[in-house]
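For reference, the structure is listed below as structure tokens.
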There are 2 protein chains.
Amino acid sequence: MTGLVHRGLAGQVVEMLREQILTGVLPPGSRLNEVEIARDLGISRGPLREAIGQLVSEGLLVHVPNKGAAVFAARPEDVAALFELRAALECAAARMAAHRRRPQEVIRLRKVCERSRKARETGRKLPYDLDLDFHRSLMDAAHSPRIAEQVWLVQQQVIVLRSGLTSRTTHTETSLTDHEAMAGAVAEGDADRAASLMEAHLALVETELLQTMQSEARNEEAPGAQRTGRSAP
Amino acid sequence: MTGLVHRGLAGQVVEMLREQILTGVLPPGSRLNEVEIARDLGISRGPLREAIGQLVSEGLLVHVPNKGAAVFAARPEDVAALFELRAALECAAARMAAHRRRPQEVIRLRKVCERSRKARETGRKLPYDLDLDFHRSLMDAAHSPRIAEQVWLVQQQVIVLRSGLTSRTTHTETSLTDHEAMAGAVAEGDADRAASLMEAHLALVETELLQTMQSEARNEEAPGAQRTGRSAP
DNA sequence: AAACTGATAACTGTCGACAGTTCGACGGGC
DNA sequence: GCCCGTCGAACTGTCGACAGTTATCAGTTT
């Protein structure tokens, strides 16, 4: 997705750390110890520092001088800014997809919706992977690699954010109907409708995420566990 | 703009190299020799490599394995993808500015347009700095730091692209009236008009840039100078 | 007992040197 | 005369070690 894997050790380490972050092995707020990780991977600190630097520039890690790197832990205001950017990018992509759509890509969109509805009927929750799959299919239909790349970077931050939540957002029936409506708008070539549907969809997802974050924050503060990460001078 | 300058030597080197790239001291296609630059700056190669890595992730440099880094040299198709992203971001920002505008920011927009018109009357060309100033004022009015950050990254690539052209695009009278119309739309709170004006404006700028690139490419191929950068296997 | 101070330890930031690879030049063979 | 194999220089990729800084903790003092 990002480029060639064989651009040195740093490249491999980037992908390894990225997976650890996205899968929640390294939860938000985790501090990264350079010597320890370098020793575990059997490499030097040079390539590791380069890998960390790249992930910092992607927004998956944050870097504080003389204290090292930590997995990005978003606050509510960060979520708002994040979804503003995501809406700008994905709404534009939805418009483009409605204009540039090709039969094959419309079929793929419909197929993802169909698989989602089936999964929704068997289990109660819609798997998050299928949600990601829909949005990525839409990016493909937009035929704008540059925008797709940026959307993927934003999506990654959302994944990290979700990995820090114990109760994952349930992606309700509403999300599924949103997807189906968007697929229809793209199929018909109605760019404006696709964009406004996307905007409403993302606003809903943002609200769900914020509510989950706030409720879990309350549940966490009650027992006496201190706030993770996020230091105030 | 990007963050704290004092996050080590790498941070300072990033800013130094960034200025060299944006001002055209390092023209597009230039290869960066690590040992030479490190020696000139009086530092080691470690921080320098980190700085280069960051600029690669920003898109100002490109990196080829075992061959080092070079200043990004855009092809026409890159320009198209770049302006698709820029349009997505700046149109959304224009909409936001029309919604969230504050009196002080509207005044600033008008002031930039006024200064641009004065400069346009004295000299024939509109200084590029004033164009950048307008777009940055609009980003401020949008009150979306995350989008503003991404717009700035895209703007930087456009600046690099322009630095490789001998005859800078003249930013005609049309661009100035576009700016004034956008300022008016933002002042009135007409988000849709601000967005569509921005889209048209960027389409014009893109066309101007592509024409300049193509004409200069023809003039360069005639004398017998080989194509800079851009290696095909 | 609480607060301040000093030393100690751990970690990041930086450096110089080594290993591996690629590009170019030179010489030999056909 | 042209092509191919080999040698060599230059550069990137990687490593281990040193220096600087910050946090922690014990000891002392009020």
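So that the names make sense, note that chain A is the first sequence line, chain B the second, and so on, each numbered from 1. Excluded from the calculations below are hydrogen atoms, water molecules and symmetry mates; all remaining heavy atoms, backbone and side chain alike, are included.
What separates CG of A:L48 from P of C:dG13 is a distance of 12 Å, to the nearest Å. Nucleotide C:dG16 holds its P atom 13 Å from the CZ atom of B:R39, rounded to whole Å. For the pair B:R49 CZ and D:dC11 C1', the interatomic distance rounds to 11 Å; values are reported in whole Å. B:R31 places its CZ atom 8 Å from the P atom of D:dT12, with the value rounded to the nearest Å.
Side-chain proximity of B:P47 to the nucleotides C:dT14, D:dT12, C:dC11 is greatest for C:dT14. Residue B:S44 places its side chain closer to C:dC15 than to any other of C:dC15, D:dC15, C:dT12. Counting only heavy atoms from C-beta on, A:H63 has its side chain closest to C:dG13 among D:dG13, C:dG13, C:dT14.
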Side chains of residues 79-86 of chain B: which donor-acceptor pairs under 3.5 Å do they make with residues two or more places apart or in other chains?
| from | atom 1 | to | atom 2 | distance (Å) |
| --- | --- | --- | --- | --- |
| B:E84 | OE1 | A:S144 | OG | 2.5 |
| B:E84 | OE2 | A:R100 | NH1 | 3.0 |
| B:E84 | OE2 | A:R100 | NH2 | 2.5 |
| B:R86 | NE | B:E90 | OE2 | 2.7 |
| B:R86 | NH2 | B:E90 | OE2 | 3.4 |

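Residues passing the salt bridge (Lys or Arg N to Asp or Glu O under 4.0 Å) test with B:E50, sequence neighbours excluded: A:R49. Evaluation of the salt bridge (Lys or Arg N to Asp or Glu O under 4.0 Å) rule for B:E105 yields no partner, not counting sequence neighbours. Remark: A:H63 engages no residue in a ring pair (Phe, Tyr, Trp, His ring centres under 6.0 Å) (not counting sequence neighbours).
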The contact string for nucleotides 17-24 of chain C, one letter per nucleotide 5' to 3', using protein heavy atoms under 4.0 Å with B, S and - for base, sugar-phosphate only and none, comes out as B---SSS-
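Sorted by first then second residue, the side chain to side chain donor-acceptor pair (under 3.5 Å) pairs that include residues 23-33 of chain A, not counting sequence neighbours, number zero.
Residue-level contact check: B:I52 touches neither bases nor backbone, having no heavy atom under 4.0 Å from any strand. Using a 4.0 Å heavy-atom criterion, one finds that B:L32 contacts the sugar-phosphate atoms exclusively. Residue B:G46 is classed as having no contact, given no heavy-atom separation below 4.0 Å to the nucleic acid.
A:M96 has its side chain within reach of A:I147: a pair of non-hydrogen atoms, C-beta onward, lies under 4.5 Å apart.
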